[in-house]
Amino acid sequence: MALIDTFVLLKCLTVFSVSLGLNVLLVYYQKRINILDIPNDRSSHDRVVPRSGGIAIFSAFVYAFILFNPLDNAVALLPLTLVFVTGLWDDIRSVPARLKLLITACAGGLLYLNGFDIQRFGIFFGHEIVFTFWAALAFCAFAISGFVSALNLIDGLDGLASCIALVILAAFSYIGWKYEDLFLFYTSIGLISALVGFLVLNWHPAKIFMGDSGSLTIGFIIAMLTLYSIQKAYITAISILLLAAIPILDTLIVMLRRILNHQSPLHADKTHIHHMIFQLQNGNTRRTVIILGLLQGFFSYIGLGFKVRDDVYIFFLYALCFTIFYLLLTPKRGA
C-alpha cells in the first residue's frame with residue numbers, strides 16, 4: 001500500500017499553505033483580533049507579539065483531518081475542539097491552571113469513550129498489566145491532561161514547542177508508515193504540514209506565538225495518536241516516555257524541584273529545561289531550540305528502536321535519564 005504519492009504531497013502543500021496564509025492574516029490583523037502577548041518578567045521577548053497562532057494551527061489541522069481521513073474518525077474532533085476552545089479562552093481572558101487540567105482530563109475521557117481506549121499497559125517483571133474499564137478511563141484522562149500540560153509548559157522560546165512537536169510527530173508518522181496505518185500516518189503528516197506553516201513565522205525572532213490554543217491542541221493530538229498506537233499494539237504505554245521525552249522530563253523535573261523547595265507544583269518560574277540551556281547558550285534562542293530538538297530526536301530514535309519484552313527496562317532507562325537531567329539542570333544551593 002503506497003502511503004506517499006504526488007496526490008498526498010499536494011494535500012500536504014495545501015495544508016501548509018492554509019496554515020501559513022492564516023498565520024500571515026493573524027499577524028497582519030493582530031490589533032483588530034487583540035489576542036496579544038504582553039512581555040513580563042518571565043518572557044523571553046521584549047515586544048508585543050500576537051499569540052493567536054493556535055487558531056491557524058487548529059483550523060489547518062481540521063482541514064487536513066477532513067482531507068486525509070474518513071468521516072467515521074471525525075468523532076475525535078469533538079474533544080479536540082473542547083481543548084482548543086479552552087486554550088483560546090485562556091489566551092483571551094486567562095483560565096486557572098487547575099480548570100485547564102480538569103477540562104483536558106474530561107476531553108481525554110471523551111476521547112477514550114469514543115473508541116480511543118486501551119486495556120494493556122505493558123509487561124513489567126514478566127507480568128502483563130491489564131486495565132479494567134474504569135482504571136483505563138482514569139489513566140487516559142490523567143495521562144492526556146498531563147501531556148497536554150507538558151507541551152504547554154515547554155512552549156517558552158520561539159519555535160521550541162513547534163520543533164519538539166515536529167520531531168515527535170515524525171516518529172508517529174514513521175510508525176504509521178511502518179505498519180501501513182492510514183489514520184496514524186495521515187493524521188501525523190497533516191499536523192506536521194500545519195506546524196511547518198506556523199513555524200515559518202514562529203522561528204526566532206517570532207512574529208506570532210501559538211498561545212495556549214496552539215500548545216493544548218498540539219498536545220492533545222499527540223496524546224490521541226499515542227492512545228491509538230497503544231491500542232493497535234504498535235507501541236507500549238511506557239514507550240511514550242522516550243518518544244516524547246523532553247516535554248515529560250521537563251514537567252517532572254520542574255514539579256519535583258518545586259515540591260522539594262516547598263512550592264506549589266503549578267507555581268510559575270524560569271527553571272524549565274529550556275531556560276537552563278538558554279542560559280548555558282548565552283541567550284542564543286535558535287541554538288537552544290536546535291539542541292533540544294536534537295535531544296528529542298535522539299530520544300525518539302531510541303524509543304523507536306528499543307525493542308524489549310519487558311517494559312521495566314524502558315522505565316529504568318528513563319529513570320536514569322531523569323536523574324542525569326535533574327542533577328545537571330538543577331542549580332546548586334548557594335551557587
Side-chain angles (χ1 to χ4, degrees), residues 19 22-23 26 30 33-38 42 49-65 73-114 116 137-156 160-162 164-165 168-169 187 190-191 194-195 198 202 208-228 244 247-248 250-251 254-255 264-268 272:
S19 177
L22 288 174
N23 278 292
L26 289 166
Q30 59 181 282
I33 299 171
N34 198 32
I35 304 177
L36 304 172
D37 194 303
I38 311 298
R42 293 182 56 248
V49 178
R51 56 179 177 187
S52 52
I55 298 173
I57 294 171
F58 174 78
S59 301
F61 173 75
V62 171
Y63 171 72
F65 194 88
N73 288 316
V75 68
L77 295 177
L78 297 177
L80 175 63
T81 302
L82 174 62
V83 171
F84 164 73
V85 170
T86 301
L88 184 60
W89 185 250
D90 186 56
D91 291 331
I92 298 172
R93 296 291 184 185
S94 184
V95 176
R98 288 182 175 82
L99 181 57
K100 283 193 290 186
L101 285 171
L102 177 61
I103 293 174
T104 52
C106 291
L110 286 173
L111 193 64
Y112 177 86
L113 294 174
N114 281 290
F116 290 80
L137 177 60
F139 171 79
C140 288
F142 172 79
I144 289 177
S145 179
F147 183 76
V148 169
S149 299
L151 196 69
N152 178 239
L153 292 174
I154 204 72
D155 183 27
L160 179 57
S162 304
I164 295 295
I168 298 170
L169 288 165
T187 302
L191 183 54
L195 274 176
F198 167 74
N202 184 238
I208 189 169
F209 297 153
M210 65 173 62
D212 276 22
S213 61
S215 59
L216 267 60
T217 295
I218 297 166
F220 191 81
I221 295 169
I222 292 175
M224 177 182 73
L225 296 177
T226 301
L227 282 184
Y228 180 85
I248 301 173
D250 176 61
T251 300
V254 167
M255 288 191 171
S264 167
L266 301 179
H267 172 73
H272 290 275

Please find the pair of heavy atoms, one from [X] and one from [Y], that lie closest to each other, and give the distance.
X    : Y    : value
A194 : S19  : O-OG, 2.6 Å
F220 : G108 : CE1-N, 3.9 Å
N202 : S162 : OD1-OG, 3.4 Å
M210 : F198 : N-CZ, 3.3 Å
G219 : L151 : N-CD2, 3.3 Å
P79  : L110 : CB-CB, 4.2 Å

Where do T187 and F65 land on the side-chain contact (heavy atoms from CB on, under 4.5 Å) test, with the steps shown first?
-> CA-CA 6 Å; T187 302; F65 194 88; 4.1 Å; yes
Could you list the donor-acceptor pairs under 3.5 angstrom formed between side-chain atoms of residues 53-62 and any protein atom two or more places apart in sequence or on another chain?
from	atom 1	to	atom 2	distance (Å)
S59	OG	I55	O	2.7

Contacts of type ring-ring contact (aromatic ring centres under 6.0 Å, His included), residue F139, not counting sequence neighbours =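 Counting only residues at least two positions away or on another chain, F139 forms a ring-ring contact (aromatic ring centres under 6.0 Å, His included) with F121, F131.
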Could you give the distance from [atom1] ([X]) to [atom2] ([Y]), rounded to the nearest 0.5 Å?
X    : Y    : atom1 : atom2 : answer
D90  : I103 : CG    : CD1   : 9.5 Å
L101 : I144 : CG    : CD1   : 13.0 Å
T86  : L99  : OG1   : CG    : 7.5 Å
L169 : L225 : CG    : CG    : 6.5 Å
F142 : T104 : CZ    : OG1   : 11.0 Å
T81  : L88  : OG1   : CG    : 11.5 Å

Trace of the side-chain contact (heavy atoms from CB on, under 4.5 Å) decision for T226 with F147 = CA-CA 10 Å; T226 301; F147 183 76; over 6 Å; no
Assess whether side-chain contact (heavy atoms from CB on, under 4.5 Å) is satisfied between Q30 and L36, documenting all intermediate values.
-> CA-CA 7 Å; Q30 59 181 282; L36 304 172; 4.0 Å; yes
Hey, mind stepping through I164 and I168 against side-chain contact (heavy atoms from CB on, under 4.5 Å) and telling me if it holds?
-> CA-CA 6 Å; I164 295 295; I168 298 170; 3.9 Å; yes
Pairs meeting criterion side chain to side chain donor-acceptor pair (under 3.5 Å) with involvement of residues 212-221, two or more places apart =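 Qualifying pairs: D91-S213, K100-D212, N152-D212, N152-S215.
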Between L102 and C106, is any pair of side-chain heavy atoms under 4.5 Å apart?
-> yes
Are V254 and L153 side-chain neighbours, meaning at least one heavy-atom pair lies under 4.5 Å?
->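 Result no, sub-4.5 Å side-chain heavy-atom pair not found.
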